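Since the structure comes first, as structure tokens, the remarks are kept for the end.
Note that this is a predicted model, so its numbers are computed, not measured. FYI, side chains are in, hydrogens and waters are out, and symmetry mates aren't considered; it's all heavy atoms of this structure. Remember, it's 1-based here, ligands and their atoms both numbered in the order they're listed.
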Amino acid sequence: MTATDPDPDTFERTLAADERVEPRDWMPDAYRATLVRQIAQHAHSEIIGMQPEANWITRAPSLRRKAILIAKVQDEAGHGLYLYGAAETLGVAREDLLDALHEGRQRYSSIFNYPTLTWADVGAIGWLVDGAAITNQVPLCRCSYGPYARAMVRICKEESFHQRQGYELLLALAKGTAAQRAMAQDAVDRWWWPSLMMFGPPDAESPHTRQSMAWKIKRHSNDELRQRFVDICVPQAETLGLTLPDPALRWNEERGHFDHGPIDWAEFKAVLRGAGPCNEQRIGQRRRAHAEGAWVREAAAAYARKQRDRRTADGRPEQGRERGREVAA
Ligand code: BYC
């Protein structure tokens, strides 16, 4: 089957059998558009998400913490690359996706529009933001679209390391001086509610969930995953000796879950509208970085062209020989 032969029956059979849809398979236009929207938003989140933590690289309190943070921020860039690659298999160009981000036509996660005010925020991001991300992303490893699902497998492995480093960082602060403990608590107070918003609007107000679940792009609804995250975090907060800033949090025997207080959806909507504390700063920095990196992209493209021309002239693969030549030069 090719993308030019409409074949809804095979598409439906693939979904029903829980198999993967691959780039050359026929798929409904709306399925393709939904994937482009979600994967692009996900990729944008990864690269914009580098900014809040990168803010602390120069001020990390030790060489060990600095090395870990640099590696983590670099991983996020890698996640962006896997995801832009997955989006490209759907027939969109990376440049166009980046233009859409820079012009505000595509979104990135609301969470990255909040500031990192202290070193403890790096821990809170690892524990809560990466923790929320994993909760949301593990089911995406079973997404019906093959390239997205496979990218998620690798991303989840790295995210789980990120989450643990954040937890370990917060634990060190929580066990430290009174000032360090207060700093950790303040960070958790500020990141808790925005982390719950990462899962998206409540199910009743989520326009895409039903269809995305029918297509097996999403495997769980926003509220289901949010609840799973709350249930995981409550005992972890107890181990940390920190308090989650929600007086309504309590175990509900009947439901077998923790109840939580109301989420401020007006704040979520404001952040999506561009009125969050750091929206302008984040997108401004992204546009600047893109413009300043133009020469790197041009140089890489020129190098690739040069290699291709040489290969064509020789009529054989150039890669190994080229490397040798460069070393010699
Ligand atoms: N922020 O019908 P809904 C990371 C939008 S990065 C902004 O529920 P859907 C990390 C939504 O796009 C991890 N917008 O949508 C990186 C839709 O807008 P439009 C990021 C949001 O798609 C660096 C509208 O609201 N993770 O871990 O079915 C350092 C209605 O929503 C948000 C992902 O991207 C939001 N929070 O479900 C550290 C996961 N929520 O297009 C860490 C992949 C919703 O109708 N994405 N919107 O105008 C998903 O799983 C789904 O897209 C969502 C939303 C659950 C987020």
Working to the nearest 0.5 angstrom, can you tell me the gap between Asp75 CG and Ile155 CD1? 10.0 Å
Ligand 1 atoms in contact with Met197 (distance to a heavy atom under 4.0 Å): 36 (N)
Identify the two heavy atoms, one from Asn222 and one from Thr209, that lie closest to each other, and give their separation to 0.1 Å. OD1-OG1, 3.7 Å
All heavy atoms of Ile47 vs all of Leu101, minimum pair found to be CD1-CD2, 4.4 Å
Is atom CD of Gln74 surrounded by more than 12 heavy atoms (other residues, nucleotides or ligands) closer than 6.0 Å? no
CZ on Arg181 to CD on Gln185, rounded to 0.5 Å: 10.5 Å
Answer whether the closest heavy-atom distance between the side chains of Cys156 and Cys141 falls below 4.5 Å. yes
Which bit of Leu272 gets closer than 4.0 Å to ligand 1, counting heavy atoms only: side chain, backbone, both or neither? side chain
Closer than 4.0 Å to some heavy atom of Glu76 - which atoms of ligand 1 meet that? 16 (C), 23 (C), 29 (C), 38 (C)
Mind checking whether Tyr31 and Phe11 have parallel, tilted or perpendicular rings, split at 30° and 60°? perpendicular
Polar atom proximity, Arg37 to ligand 1 (N or O, under 3.5 Å): yes
Of all the non-hydrogen atoms in the protein, which one sits nearest to atom 9 (P) of ligand 1, and at what distance? Lys218 NZ, 3.4 Å
Looking only at side chains, do Asn113 and Tyr108 share a donor and an acceptor under 3.5 Å apart? yes
Checking heavy atoms under 4.0 Å, the part of Phe268 that sits near ligand 1 is side chain
To which of Pro201, Pro52, Cys143 does the heavy atom nearest atom 44 (C) of ligand 1 belong? Pro201
What I want to find out is whether Glu168 reaches Arg64 closely enough, with some N-O distance under 4.0 Å, to be called a salt bridge. yes
Contact partition for His208 relative to ligand 1, non-hydrogen atoms under 4.0 Å: both
Which of the numbered atoms in ligand 1 are below 4.0 angstrom from a heavy atom of Asn136? 39 (C), 43 (C), 49 (C), 50 (O), 55 (C)
Quick one: does Gln106 get a heavy atom under 4.0 Å from ligand 1? no
Minimum non-hydrogen distance to atom 56 (C) of ligand 1, winning option of Met198, His44, Met50: Met198
Within the 4.0 Å heavy-atom cut-off, what Glu53 brings close to ligand 1 is side chain
Please work out whether the ring planes of His44 and Tyr84 are parallel, tilted or perpendicular, with thresholds of 30° and 60°. tilted
Under 4.0 Å from any heavy atom of Gly200, which atoms of ligand 1 are there? 40 (N), 44 (C)
With His79 as partner, the option from Glu158, Arg154, Gln137 fulfilling side-chain hydrogen bond (donor to acceptor under 3.5 Å, both in side chains) is Glu158
Of the side chain and backbone of Phe112, name the one, both, or neither that has a heavy atom under 4.0 Å from an atom of ligand 1. side chain
Looking only at heavy atoms, is any part of His42 under 4.0 Å from ligand 1, and if so is it the side chain, the backbone, or both, or is it neither? both
Go through ligand 1 atom by atom and flag the ones less than 4.0 Å from a non-hydrogen atom of Asp130. 38 (C), 42 (C)
Show me which atoms of ligand 1 lie under 4.0 Å from any heavy atom of Tyr148. 43 (C)
Looking at Glu159, which atoms of ligand 1 are within less than 4.0 Å of one of its heavy atoms? 27 (O)
Going by distance only, is there an N or O of Ser206 that falls short of 3.5 Å from an N or O of ligand 1? yes
Under 4.0 Å from ligand 1, counting heavy atoms only, is it the side chain of Leu225, its backbone, both or neither? neither
Any N/O pair Glu46/ligand 1 closer than 3.5 Å: no
Give the numbers and elements of all ligand 1 atoms closer than 4.0 Å to a heavy atom of Ala133. 27 (O)
Any N or O of Asn222 that comes nearer than 3.5 Å to an N or O of ligand 1? yes
Taking distance alone, with no angle check, do Pro207 and ligand 1 share an N/O pair under 3.5 Å? yes
Any protein heavy atom < 4.0 Å from atom 35 (C) of ligand 1: yes
Apply salt bridge (Lys or Arg N to Asp or Glu O under 4.0 Å) to Asp223 and list each qualifying residue two or more places apart in sequence or on a separate chain. Arg226
